[in-house]
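Some notes on the structure that comes next.
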Amino acid sequence: MEKYETRNSNPETLHGVLHKIIYQNDENGYLIGLLKAQPQAGVKADGTTISIVGYMMQPREGDTYSVTGKWVTHAKYGKQFQFEQYEIHAPTSLHGIEEYLASGLIRGIGPAFASRIVKKFGTKTLEVLEKTPNRLLEVEGVGRKKLVMITEAASTMRAMQDVLAFLKSYDIGTSHAIKIFKAYGNGAVGVVQNNPYQLIQDISGIGFQIADSIAQKIGVEKESGYRLEAGIRFVLDEACRAAGHCYLPKEELIRRAAELLSVDEAKIERAAVSSIHNNFLVEEGERLFPFPLHEAEKESVRKLEQLLRKGTKPFSNEKLSLSLSHIERRHKIAFDIKQRDAILHAIQEPVTILTGGPGTGKTLCVNGIIELADELGVSYLLCAPTGRAAKRLADLTGREAKTIHRLLEYEPQSGLFRRDAESPLDCSLLIVDEMSMVDIQLFAALLAAVKPESQLVLVGDVDQLPSVGPGQVLRDLIESKKILTVRLDTIFRQAEQSSIILNSHRINQGEAPKFSADFQLIEETSQEEIQKKVVGLCSTILPQNFRYDAFEDIQVLSPMHQSLSGVRELNKALQHALNGHAKICWQGSERKFLHGDKVMQVKNNYDKDVFNGDIGRVAGVDKEEGVLLVNFYGRTIEYDFEHLDELTLAYAMTIHKSQGNEFKAVIVPLSTTHYIMLQRNLVYTAVTRARELLILVGETKALAIAVRNNDVRERNTMLKQRLVEML
């Protein structure tokens with residue numbers, strides 16, 4: 001908590017040049033800087049350099065500002081000027097105007113164009129940009145396309161100032177105003193006026209308390225049905241988002257909402273009835289669902305019932321056995337009984353689940369299913385939830401595999417899939433890999449696009465972590481006992497040579513792993529030493545001793561984001577050690593992207609066809625266009641600078657984010673400071689990401705806690721019960 005002592009409560013205004021940015025938060029605009037104060041009529045200034053703190057949109061060294069606020073004394077840093085409002089002043093000198101334009105603030109104008117524009121228009125440059133932008137066509141190299149880009153960027157800047165001024169009129173702080181503008185642009189005013197609670201859904205860091213504060217400032221009454229319904233939906237949506245639930249018990253939801261809103265439970269219950277009538281909520285017994293999740297569960301069961309109703313395919317046992325024998329002879333393999341069952345069921349049965357741990361032959365079975373389908377002339381499609389998982393499936397099978405979203409032809413503008421019951425997938429057999437990662441809404445969308453006469457094969461390890469999104473689809477399907485399931489539990493002879501595979505099964509059974517050359521524990525207790533050892537392994541030991549590529553072959557997986565051995569700090573340390581001398585492509589206050597950096601997409605971007613968890617490399621930058629270039633699996637994707645929140649460094653990632661991936665060498669920091677995350681399925685998932693080498697760095701005690709802790713966090717779902725009741 002920052003500690004300040006206010007020296008004077010009367011607001012003052014200072015005018016000057018932002019001399020230096022000491023700290024800047026890219027997400028909320030928080031700034032610590034040095035302002036070189038300049039005299040101005042009616043404005044206090046003493047010509048000295050002043051430490052200023054506050055929130056500012058896209059601050060730039062060298063720009064001139066007026067800042068209004070009060071003097072404070074920080075317990076550690078001393079006298080500072082804490083500003084609540086600011087105004088940027090356009091530069092007036094030729095040099096200042098050129099620097100202003102060359103900064104990249106206006107997309108389409110880099111240093112070269114800035115020089116040409118200022119040379120052409122001189123001190124009238126900014127006036128031309130605002131009032132007669134078409135005159136830019138007089139500048140060499142500016143065509144219609146470039147003109148449109150520049151004028152749109154300049155218009156966005158003016159709109160930004162207007163929106164920020166409007167939000168401030170409702171006492172919305174600059175930090176939140178910046179986030180709101182980034183999310184909605186010119187539409188921010190309408191959203192805030194019409195539905196401030198929408199901010200909760202759309203803007204990271206704005207929870208119910210902030211949205212509620214804004215709502216009350218624009219006149220929403222404390223006990224209005226509008227506010228109560230928004231609070232109820234927030235509590236339910238947060239439970240589904242954070243804990244993976246599909247519903248909450250009615251009594252629990254009403255209690256939580258009443259506590260959040262400081263309103264009697266009876267009034268909350270009446271508001272819940274209204275939400276049900278408005279189709280925001282669905283009541284089923286004593287459970288309350290968000291409407292989309294209730295529909296997803298019901299539709300999934302309905303479609304599964306439809307698929308199962310059609311019965312088996314009419315291939316004779318003799319034909320199937322003969323075809324499978326051909327495959328075994330051709331590839332010089334021998335399927336065991338369970339593997340043969342899985343392959344034959346996949347071709348014959350309407351819906352088949354294939355599950356099992358590493359080394360039990362799931363991939364061999366998938367290849368067997370594909371080969372048998374080829375022999376029989378059965379058309380098929382392959383898919384997986386993420387780009388990385390789809391690429392791995394394609395590599396292992398030698399066939400094309402797509403993400404589920406690409407397969408279903410997702411349309412970002414409408415938020416709908418082109419492939420559905422009206423336009424189903426053109427195949428007789430659909431194979432879905434990494435099913436443990438598929439949440440209930442994606443599963444429902446996938447089922448909708450499967451033709452009633454098609455076969456469906458779901459492949460995944462049910463003992464891994466559940467999906468990030470709501471539901472526990474694979475577990476519910478298996479536990480319902482209504483879907484034919486083949487569980488592979490025999491470890492292949494060649495897999496028995498891998499300590500990683502053997503230990504993953506030991507961990508899954510609650511037994512301590514046995515350490516060896518390819519499954520190691522390096523004992524460290526302090527966070528500093530854990531981080532130091534992880535960095536040393538990635539930068540020196542593994543590349544030199546094992547010839548592993550530090551970027552392509554090695555992956556650090558941490559249970560948590562925070563702490564010195566968490567993802568955030570490890571990424572900073574690893575970037576410095578592995579790529580610190582590379583050219584800076586983009587830099588903010590808290591992070592930077594260097595040429596060659598390993599990065600990860602952190603949200604689905606359907607326009608770019610890049611998905612949450614996809615890993616790429618920074619390929620370059622075009623500062624004039626204002627874009628960062630990133631290579632994902634051979635495709636170069638452009639990111640506008642304002643959308644770089646979709647990317648994060650990926651030298652280290654959370655274990656959850658690693659699902660669907662596989663790496664030659666995996667390093668896992670484990671500390672008792674990660675206590676809340678030390679669970680068996682978490683460590684099991686991390687271990688099963690390693691193909692050749694697994695190194696745990698940390699405390700034996702932390703590993704023992706995780707292996708013993710098999711308390712899987714229960715998710716509120718009804719999929720299993722619905723299947724039992726309907727089928």
Side-chain angles (χ1 to χ4, degrees), residues 1-2 4 6 9 11 25 27-30 54-57 68-70 82-86 159-242 248 252-281 288 290:
M1 177 71 72
E2 298 278 28
Y4 292 97
T6 303
S9 59
N25 185 305
E27 289 297 313
N28 62 16
Y30 184 70
Y55 296 90
M56 187 178 288
M57 184 78 165
T68 301
K70 58 192 175 184
Q82 189 175 69
F83 65 91
E84 297 294 332
Q85 298 180 15
Y86 72 93
M160 175 187 74
Q161 296 299 333
D162 293 341
V163 169
L164 294 184
F166 164 82
L167 295 175
K168 280 190 174 298
S169 71
Y170 284 108
D171 295 325
I172 298 172
T174 308
S175 63
H176 296 130
I178 289 170
K179 286 188 173 184
I180 292 168
F181 179 78
K182 282 186 173 181
Y184 304 116
N186 296 352
V189 173
V191 172
V192 171
Q193 289 180 325
N194 297 325
N195 184 9
Y197 296 104
Q198 184 64 35
L199 306 177
I200 301 167
Q201 307 292 328
D202 299 340
I203 302 176
S204 174
I206 294 188
F208 183 83
Q209 299 293 354
I210 295 170
D212 195 39
S213 173
I214 294 171
Q216 291 181 46
K217 285 170 184 172
I218 65 173
V220 177
E221 296 294 330
K222 181 180 178 181
E223 294 188 0
S224 72
Y226 176 53
R227 176 176 182 262
L228 301 188
E229 288 186 47
I232 291 169
R233 293 203 303 274
F234 170 74
V235 170
L236 184 54
D237 289 345
E238 189 67 8
C240 298
R241 183 198 64 80
L248 279 181
E252 181 181 351
L253 175 56
I254 290 171
R255 175 180 52 78
R256 286 200 206 177
E259 290 173 359
L260 174 73
L261 297 163
S262 299
V263 173
D264 291 341
E265 289 188 9
K267 293 176 181 176
I268 298 295
E269 192 159 3
R270 286 196 292 273
V273 171
S274 178
S275 289
I276 293 167
H277 288 157
N278 292 329
N279 286 330
F280 291 124
L281 304 183
L288 287 173

List, one per line, each side-chain donor-acceptor pair under 3.5 Å for residues 232-239, sequence neighbours excluded.
residue : atom : partner : partner atom : Å
Asp237  : OD2  : Gln201  : NE2          : 3.2
Glu238  : OE1  : Arg241  : NE           : 3.3
Glu238  : OE2  : Arg241  : NH2          : 2.6

Indicate every side-chain donor-acceptor pair of residues 255-263 with a distance under 3.5 Å to a residue at least two apart or in another chain.
residue : atom : partner : partner atom : Å
Arg256  : NE   : Glu252  : OE2          : 3.2
Arg256  : NH2  : Glu252  : OE2          : 2.4

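Atom CG of residue Leu281 and atom CD1 of residue Ile276 lie 6.0 Å apart, to the nearest 0.5 angstrom. Taking OG1 of Thr68 as the reference point, atom OH of Tyr86 lies at 12.5 Å (rounded to 0.5 Å).
Ring planes of Tyr226 and Tyr197: perpendicular class, angle over 60° (limits at 30 and 60°).
Under the 4.5 Å side-chain criterion, counting only non-hydrogen atoms from C-beta, Ser274 is in contact with Glu229.
Every residue two or more places apart in sequence or in another chain was checked for a salt bridge (Lys or Arg N to Asp or Glu O under 4.0 Å) with Glu265, and none qualifies. Taking Lys267 as the reference, Glu223 meet the salt bridge (Lys or Arg N to Asp or Glu O under 4.0 Å) condition, with sequence neighbours excluded. Residues satisfying the side chain to side chain contact (heavy atoms under 4.5 Å, CB included) criterion with Ile214, sequence neighbours excluded, are Ile172, Ile180, Val192, Pro196, Leu199, Ile210.
Listed by first then second residue, pairs satisfying salt bridge (Lys or Arg N to Asp or Glu O under 4.0 Å) with a partner in residues 202-216 read Asp212-Arg227, not counting sequence neighbours.
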